[in-house]
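Chain letters run A, B, ... following the sequence lines, proteins first, then strands; residues in each count from 1.
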There are 2 protein chains.
Amino acid sequence: MPTISDVARITGLSKSTISRVINNHPYISSDKREKVLKAMEEIGYYPNPSARRLRGHTTNTIGVIVPRIVNPFFSYLVNSIEQEAFKNNYQVIIFQSNDLKDKELYFLNLLKNRQVDGIIMTSIENDWETIEPFMQYGPILLCNEYVNQSSVSKVRLDQNKGAYMGTEHLINKGHQKIAYCTGGLFAGYGRDLDRNTGYQKAMDKHHLTPNPSWIFIERHSIEDGKSVVKEILSMNDKPTAIFSGSDEVAAGIIIEAKENGLRIPDDLAVVGFDDQPLAEIVEPKLTTIKQPIDEMGIKSVELLIKMMNNKDSLAEEVQLPIQLIEREST
Amino acid sequence: MPTISDVARITGLSKSTISRVINNHPYISSDKREKVLKAMEEIGYYPNPSARRLRGHTTNTIGVIVPRIVNPFFSYLVNSIEQEAFKNNYQVIIFQSNDLKDKELYFLNLLKNRQVDGIIMTSIENDWETIEPFMQYGPILLCNEYVNQSSVSKVRLDQNKGAYMGTEHLINKGHQKIAYCTGGLFAGYGRDLDRNTGYQKAMDKHHLTPNPSWIFIERHSIEDGKSVVKEILSMNDKPTAIFSGSDEVAAGIIIEAKENGLRIPDDLAVVGFDDQPLAEIVEPKLTTIKQPIDEMGIKSVELLIKMMNNKDSLAEEVQLPIQLIEREST
DNA sequence: AATGAATATGAAACTGATTTCATAACGAGC
DNA sequence: GCTCGTTATGAAATCAGTTTCATATTCATT
């Protein structure tokens, strides 16, 4: 690979001049500039990024932490982030935390090591006290998941309202016995907690008290959804509707319910969360809460770039609207 | 951020010695080693990757090109690659080519610029003549998609056999009028071509000649699948079965067919390709060809690392088995 | 006791860029 | 004709490591 010295030698100029041409500095005579550009082209010269980084302290790379990329919600989010980053000349390094504290920490260290200029976290595994110190090494932005900390920038959705809308939708359809499925009730972080309170609020407002055994926690997959139905079938006091924090779980519920002769939505109404592609594939099609994933990704990259360019910009919080998509499962 | 010089100053040793400790060189007295490790720990020193790269020419990063991450096939593949890379201490940079030649070239340049040590290509947009020169800058491995070039390593599936199995399965079920859906008939590359010949071979063997209007090309999405059914409905000579090169297209076909009163598999039998999660969600559940995605990812990383460590290892080709999963759509 | 190999360490060169400092040439203003 | 600001360029320092070369000990061998 040719280096800047090669270009200097060929053109008979100094490295400084070549560097100035590359970086569009002023005060270069146009004939020399031409000459340099021509030589670079000729020998196929391209500046070595490691050397630039070493000097310039910037990597043009942003890191994205997702719990798992195979979850469509996150693959769509990553898609949007990658597209927007590319537009702005940034590369994206993707990490899956797999819900593991250690892996998350490992990735946060990339910020410390200056392998990335900034990080977008779409989930949080460690305590905030553990994560916060990394902010001194570069900007961290929370997208989707969040903590109640004014010092960190976040792009988030009104999950509370989403859950409220979903639950109230079921109530408006005449349901009173409404079960609730969530990922982590005790996760301690914002997103799921918000949904919980949203559900709670809607129930309270309509003076409904759910049977405690209708609250299902730690449900993530299609299989988990199926297990929910099995549990419900063995109950004496059965719910007539379920609000699920995940489309996948909702799909599992629908599949298993049908398998057991339940009619949807007549015997059991189901609302999901995310509006994943599968929402239109299950039968009946799933009523769900749509999250503006693309906007979330775009906004996150936008904000992060702003933070990276302006070291001491204040933390910002962006909240995006959320929406109920009514289909056939309610 | 502390540097190696800080550690040297604190311990009263030279940078060389510190470097030797970091890199586990022999011939260091154990008391000095302890001292250095302690000092590093104390001031929270971590070697700057850019400086190491500049000298060492290795980035511990591999690049992965996928057409689009939101396609479950690729998000599962990326998942597997990322997991295996992490195990081997490699980071993964992910790029979406979005089927664009330019974007693919941009990413290949990362190899030239030494931003990545090697690249796994899961799709190919440019002519091989355009891509090949990049191999001089570092190893390139083809995974999933491939070209008929002995000089490049590949991890691939017997697509030909997959398509053959799927088609023959339909024939065994008594079908004679079998339509065929593919991504790109004229793409010119291995994967789709192999599937085409697999279909062809099965038909030929059983002395069947498909109506040319039953061959649908450039179909990728659920929507595309729906359009296929619409076209079929307007035909005089209708196929009784479809072999689709994609589960998503197959799902679209099933949804739209049911919408129009067709019974599956009685009026129309459908076979997909990939065994994506949605194959178990559509109703009836989709008979499909299962590809061993995880093994593919693992094998690819394994092979790539081998190539990166051994500069002049010969190109290898790994072919993984493929399998028919019979469900309810046939 | 002399020689040579193995062990242990440091100084300085090197990786490939950017940036600072110095300086030369040129034109404008007095 | 002299000073000053602008334009244009190069030498050398710098970034943070790794590697080469040199050298000083220590220990075993004859």
Side-chain angles (χ1 to χ4, degrees), chain A residues 1-37 39-40 43-61 89 109-117 137-138, chain B residues 1-40 43-61 109-117 137-138:
Chain A
M1 284 289 295
T3 71
I4 199 171
S5 300
D6 296 327
V7 181
R9 198 165 25 71
I10 291 172
T11 54
L13 296 165
S14 71
K15 293 197 296 175
S16 327
T17 304
I18 314 299
S19 174
R20 289 190 183 104
V21 171
I22 296 170
N23 295 284
N24 277 313
H25 282 280
Y27 306 146
I28 311 252
S29 60
S30 51
D31 57 329
K32 302 253 160 78
R33 161 171 279 120
E34 288 309 316
K35 202 165 157 190
V36 170
L37 291 173
M40 297 200 316
I43 63 174
Y45 166 76
Y46 193 95
N48 178 313
S50 297
R52 301 185 96 167
R53 286 179 185 191
L54 181 55
R55 198 63 233 257
H57 297 307
T58 172
T59 67
N60 262 44
T61 305
N89 249 304
N109 264 301
L110 295 189
L111 194 57
K112 187 169 168 187
N113 310 340
R114 304 214 205 82
Q115 305 232 51
V116 298
D117 292 338
Y137 304 116
Chain B
M1 286 288 294
T3 71
I4 199 172
S5 300
D6 296 327
V7 182
R9 198 164 24 71
I10 292 171
T11 55
L13 297 165
S14 71
K15 292 197 300 176
S16 326
T17 305
I18 314 300
S19 174
R20 289 191 183 103
V21 172
I22 297 171
N23 295 285
N24 277 314
H25 281 279
Y27 307 146
I28 311 250
S29 60
S30 51
D31 56 329
K32 302 253 161 79
R33 161 172 278 121
E34 288 309 316
K35 201 166 156 189
V36 170
L37 291 174
K38 191 158 150 281
M40 295 200 318
I43 62 173
Y45 166 76
Y46 194 94
N48 178 314
S50 297
R52 300 185 95 168
R53 287 180 184 190
L54 181 55
R55 198 62 233 256
H57 298 306
T58 171
T59 67
N60 263 46
T61 304
N109 264 299
L110 296 188
L111 193 58
K112 186 168 169 188
N113 310 341
R114 304 218 205 77
Q115 305 233 52
V116 298
D117 293 339
Y137 304 116

Practice task
Indicate whether OP1 or OP2 belonging to C:dG10 is found under 4.0 Å from a side-chain N or O atom of B:Thr17.
Solution key: yes
Exercise for the section: Please check if any side-chain donor atom of B:Ser16 sits under 3.5 Å from a side-chain acceptor atom of B:Ser19, or the reverse. Expected result: no
Practice task
Under the side chain to side chain contact (heavy atoms under 4.5 Å, CB included) rule, what do A:Leu13 and A:Arg20 come out as? Steps first, then yes or no, please.
Solution key: CA-CA 11 Å; A:Leu13 296 165; A:Arg20 289 190 183 104; over 6 Å; no
Exercise for the section: Check the distance between D:dA16's P and A:Gln115's CD and give it to me in whole angstrom. Expected result: 15 Å
Handout entry: Spacing of A:Met40 atom CE relative to C:dA17 atom C1', expressed in whole Å
Key = 13 Å
Completion exercise
Whole-Å distance, B:Arg9 CZ to D:dG17 P, equals 13 Å
Fill in the blank from the handout: Note: for B:Gly12 and A:Pro2 on DNA chain C, the residue whose nearest nucleotide lies more 5' is B:Gly12
Handout entry: Check against side chain to side chain contact (heavy atoms under 4.5 Å, CB included), A:Arg33 and A:Asn24
Key = CA-CA 10 Å; A:Arg33 161 171 279 120; A:Asn24 277 313; 4.3 Å; yes
Exercise for the section: Examine distances only and state if a side-chain atom of B:Asp117 and a backbone atom of B:Thr59 form a donor-acceptor pair shorter than 3.5 Å. Expected result: yes
Problem - Separation of D:dG17 P from B:Arg53 CZ (nearest whole Å) - result: 14 Å
Practice task
To the nearest Å, give me how far apart CE (A:Met1) and P (C:dT15) are.
Solution key: 15 Å
Fill in the blank from the handout: A:Ile28 atom CD1 is separated from C:dT19 atom P, nearest whole Å, by 13 Å
Exercise for the section: For A:Glu34 and D:dA8, give me the distance from atom CD to atom P, rounded to whole Å. Expected result: 14 Å
Practice task
Quick one: label B:Leu54 by what it contacts on the DNA or RNA (base, sugar-phosphate, nothing), any heavy atom closer than 4.0 Å.
Solution key: base
Exercise for the section: Consider the side chain of A:Asn48, meaning its heavy atoms from C-beta on, and name the nucleotide among C:dT7, C:dA17, D:dA16 that approaches it most closely. Expected result: C:dA17
Practice task
Could you tell me whether the side chain of B:Asn23 and the main chain of B:His25 form a donor-acceptor pair under 3.5 Å?
Solution key: no
Handout entry: Selected nucleotide, minimal atom distance to B:Tyr27 side chain, candidates C:dT7, D:dA16, C:dT9
Key = C:dT7
With the criterion being N/O to N/O and under 3.5 Å, what pairs connect the protein with nucleotides 18-20 of chain D, and how long is each?
| from | atom 1 | to | atom 2 | distance (Å) |
| --- | --- | --- | --- | --- |
| D:dT18 | OP1 | B:Asn23 | OD1 | 3.4 |
| D:dT18 | OP1 | B:Asn23 | ND2 | 3.1 |
| D:dT18 | OP1 | B:Arg52 | NE | 2.9 |
| D:dT18 | OP1 | B:Arg52 | NH2 | 3.2 |
| D:dT18 | OP2 | B:Ser19 | OG | 2.7 |
| D:dT18 | OP2 | B:Asn23 | ND2 | 3.3 |
| D:dT18 | O2 | B:Arg55 | NH1 | 2.6 |
| D:dT20 | O4 | B:Arg20 | NH2 | 3.3 |

Fill in the blank from the handout: Test side-chain contact (heavy atoms from CB on, under 4.5 Å), reference B:Arg53, set B:Thr61, B:Thr58, B:Asn60, B:Asn48, output is B:Thr61
Handout entry: Whole-Å gap separating C1' (D:dA8) and NZ (A:Lys35)
Key = 14 Å
Problem - Side-chain N,O (B:Ser14) to OP1/OP2 (C:dG10) below 4.0 Å - result: yes
Practice task
Report yes if the side chains of B:Ile22 and B:Arg52 come closer than 4.5 Å at any heavy-atom pair, otherwise no.
Solution key: yes
